[in-house]
Amino acid sequence: LPRFRVVIVGGRPTSAEDDPEARELARLRRLAVELGAAGHIDWVGAVDHDALTAYYRAADVTANVGGLQTTVQDGRTGFLISTRDPGLYAERIASLISQPDLRHELGISARARAEQFGWERVAGQLLDVYKGLAESRGPATKVGAALPSSGWPLRAR
């Protein structure tokens, strides 16, 4: 097999004996040793939100959770695994390891997709949505037009 790294990012286990996250992390570390994979795994733990982009940029396979469902296009910009099926993860990872051209194409497509999500562009799109909503509501619902006669802020009765 080619050299590879598995990077596991996330989690904030505590030292509490009953912490389920700490127990799961310990179980996974033991499993990695038993399978002879411990030398290929980096256990990063929790990272600041700003640092996540670097990990997302480097990822080849991601879980189908959170914002990844929107940003990653399965089979076009990466692979999303919607179940906890280890066989499916292994299949996708094996295809990436054995097909360097596929990795390259996914990477190019992922970069082009990520460029669509810059703050300036997203803010402009959000502003367009707000403008459209304001225009569709008409003048009677503009901000301040429907304030109660009792004044602002509203008083509890």
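Residue pairs satisfying the side chain to side chain donor-acceptor pair (under 3.5 Å) criterion with at least one member in residues 14-37, sequence neighbours excluded, are listed as follows: T14-D19, E24-R27.
Listed here is the closest heavy atom pair of L25 and P13: CD2-CG, 3.8 Å. Pairing each heavy atom of D50 with each of T53, the nearest pair is O-OG1, 3.3 Å.
Within the 3.5 Å criterion, the main-chain N or O of F79 finds no donor-acceptor partner in the side chain of R92. Remark: the backbone N or O of Q73 is not paired with any side-chain donor or acceptor of R113 at under 3.5 angstrom.
Residues V33 and L31 fall into different hydrophobic clusters, defined by Ile, Leu, Val, Met, Phe, Trp and Tyr side chains chained together at heavy-atom separations under 4.5 Å. Linking Ile, Leu, Val, Met, Phe, Trp and Tyr whenever their side-chain heavy atoms come within less than 4.5 Å puts Y56 and V7 in one cluster.
With rounding to the nearest 0.5 Å, the separation of CD1 in I108 from CZ in R111 is 10.5 Å. Here the CD1 atom belonging to I41 is positioned 8.5 Å from the CG atom belonging to L28, to the nearest 0.5 angstrom. Note that NE2 of H49 and CG of L52 are 6.5 Å apart. Values are rounded to the nearest 0.5 Å. For the atom pair CG (L126) and CZ (R121), the distance works out to 14.0 Å, reported to the nearest 0.5 Å.
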Candidate pair L96 and L106, rule side-chain contact (heavy atoms from CB on, under 4.5 Å), full reasoning: CA-CA 10 Å; L96 291 168; L106 290 174; 3.6 Å; yes
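Under a 4.0 Å N-O distance rule, the pair K131/E135 does not qualify as a salt bridge.
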Per-pair distances, 0.1 Å, donor-acceptor, side chain in residues 80-91, under 3.5 Å, sequence neighbours excluded:
| unit_1 | atom_1 | unit_2 | atom_2 | d |
| --- | --- | --- | --- | --- |
| T83 | OG1 | D85 | N | 3.2 |
| D85 | OD1 | G87 | N | 2.9 |

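Under a cut-off of 6.0 angstrom, the local environment of CD in Q116 is crowded, with over 12 non-hydrogen atoms contributed by other residues, nucleotides or ligands. Atom CZ of R5 sits in a crowded spot, with more than 12 heavy atoms from other residues, nucleotides or ligands closer than 6.0 Å.
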